[in-house]
Amino acid sequence: MKQSQILIAVFVISIIGFIFYSLQGGESAETYAEDILKEREEKDFQMTLQDSPFSEEDKKEFKGLQYYAPNMKFRISARLSPIESKKMRILTTNDGLETRYLEYAYANFSINEIDCSLLILEVTEAGPNRGTLFLAFADETSARETYGAGRYLDINKVPGSTSILLDFNKAYNPYCAYTASYSCPFPPKENILPIAIEAGEKIYH
């Protein structure tokens, strides 16, 4: 094969590889970690603004939130299991109130060869968040390294999809982790995982 043909072949293979990698949502661990750290810096800044859960006095002493180092092991594509007969679920809150959600689906995945399942709920109360998904969970790190009442994870609804992305590196504390003046739902009992999710935000104090 002539040198020019070899170069063309290498170029074509490189292009195909790049396209395949892009379609798969490929991302290097370094780039991913940089993106996560940037998001955390932005959140630290938001915690100093007017709508922060911290008081003006606490903002003066704020040194930033605490996190586990980014780990792509905890960025998981979970299989969605739809719930045929959906019903309303009532979650109690830290201040003794109740919130109502509609069952949406179960997200099934495995970590360290341990099968896990999380119940995803849908917001039904009137307002800008109506129809969005809600996921609260606790795990073996809860009350030791992470907030004892569990953490939250934002996920996007993709109608018709059979899978969903659970990026536990983006797991965060509800505002009641910083001050008791907020009302935050506890995770449903089936969302207490039998493993340690060493990713995302740690306990603040």
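Everything quoted here is computed from the prediction, not taken from an experiment.
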Hey, would you say the Phe134 and Tyr152 ring centroids sit under 6.0 Å apart? yes
Between Arg144 and Ser142: side-chain donor-acceptor atoms closer than 3.5 Å: no
Indicate, with yes or no, if Ile120 and Phe137 share a hydrophobic cluster defined by side-chain heavy-atom contacts under 4.5 Å among Ile, Leu, Val, Met, Phe, Trp and Tyr. yes
Looking only at heavy atoms, which two atoms of Pro187 and Ala138 are closest? And how far apart? CG-N, 4.1 Å
Thr31 side-chain N/O to Ser28 backbone N/O, donor-acceptor pair under 3.5 Å: no
Do side-chain atoms of Asn71 reach the backbone of Lys73 as a donor and acceptor pair under 3.5 angstrom? yes
Please find the pair of heavy atoms, one from Cys116 and one from Ile195, that lie closest to each other, and give the distance. SG-CD1, 3.6 Å
Identified side-chain contact (heavy atoms from CB on, under 4.5 Å) counterpart of Leu135 within the set Leu121, Leu119, Leu166, Ile164: Leu166
Charged N-O contact under 4.0 Å between Lys202 and Glu145: no
Under 4.5 Å between side-chain heavy atoms, counting indirect links through other Ile/Leu/Val/Met/Phe/Trp/Tyr residues: same cluster for Ile192 and Ile114 or not? no
Can you hop from Ile203 to Leu193 via hydrophobic side chains spaced under 4.5 Å? no
Main chain of Ala199, side chain of Asn169: is a donor-acceptor contact present, judged purely on distance under 3.5 Å? no
Flag the pair Thr141 / Arg151 as yes when at least one side-chain heavy-atom distance between them is below 4.5 Å, and no otherwise. yes
Donor-acceptor pair, distance only, cut-off 3.5 Å: does the side chain of Lys170 make one with the backbone of Asp154? no
Within the structure provided, determine whether Glu198 and Thr146 are in side-chain contact (heavy-atom separation under 4.5 Å). no
Test item: side-chain donor near acceptor, Asn94 and Tyr182, under 3.5 Å: no
With a 4.5 Å limit on heavy-atom distance, are the side chains of Leu165 and Asn156 in contact? no
For a side chain to side chain contact (heavy atoms under 4.5 Å, CB included) check, start with the C-alpha distance between Leu80 and Ser163, then their side-chain angles and the critical distance, and finish with the verdict. CA-CA 5 Å; Leu80 275 181; Ser163 64; 5.8 Å; no
Which residue pairs satisfy the salt bridge (Lys or Arg N to Asp or Glu O under 4.0 Å) criterion with at least one member in residues 104-129, sequence neighbours excluded? Glu122-Lys157
Same cluster for Tyr172 and Ile197 if Ile/Leu/Val/Met/Phe/Trp/Tyr side chains link at under 4.5 Å? no
Between Phe168 and Phe109, what is the ring plane arrangement, given parallel below 30°, perpendicular above 60°, and tilted in between? tilted
Would you call Pro188 and Arg89 a side-chain contact if the rule is heavy atoms closer than 4.5 Å? yes
Thr179 side chain vs Cys176 backbone, donor-acceptor pair below 3.5 Å: no
Donor-acceptor pair, Glu201 side chain versus Asn173 backbone, under 3.5 Å? yes
Less than 4.5 Å apart, any side-chain heavy atom of Leu102 and any of Lys87? no
State, with a plain yes or no, whether a side-chain heavy atom of Pro185 is found less than 4.5 Å away from one of Glu98. no
Do Thr93 and Cys184 make a side-chain contact, defined as non-hydrogen atoms from C-beta onward lying under 4.5 Å apart? no
Test Tyr106 against every option in Asn191, Ile83, Leu118 by the side-chain contact (heavy atoms from CB on, under 4.5 Å) rule and name the one that passes. Ile83
As a quick check of understanding, evaluate side chain to side chain donor-acceptor pair (under 3.5 Å) for Asp167 and Tyr32, giving each step before the final call. CA-CA 11 Å; Asp167 191 344; Tyr32 174 73; 2.7 Å; yes
Decide yes or no for Leu65 and Met47: does some side-chain heavy atom of the first lie under 4.5 Å from some side-chain heavy atom of the second? yes
Cationic N near anionic O, under 4.0 Å, Lys38 to Glu41: no
Walk me through whether Gln46 and Ser52 qualify under side chain to side chain contact (heavy atoms under 4.5 Å, CB included). CA-CA 7 Å; Gln46 292 173 0; Ser52 165; over 6 Å; no
If every non-hydrogen atom of Ser183 is compared with every non-hydrogen atom of Leu97, which pair is closest and at what distance? OG-CD1, 4.1 Å
Please collect all ring-ring contact (aromatic ring centres under 6.0 Å, His included) contacts where either partner lies in residues 49-78, sequence neighbours excluded, each pair once. Phe54-Phe62, Phe54-Tyr178, Phe54-Tyr204
Full working for side chain to side chain donor-acceptor pair (under 3.5 Å) between Thr132 and Asn129: CA-CA 6 Å; Thr132 61; Asn129 293 325; 4.7 Å; no
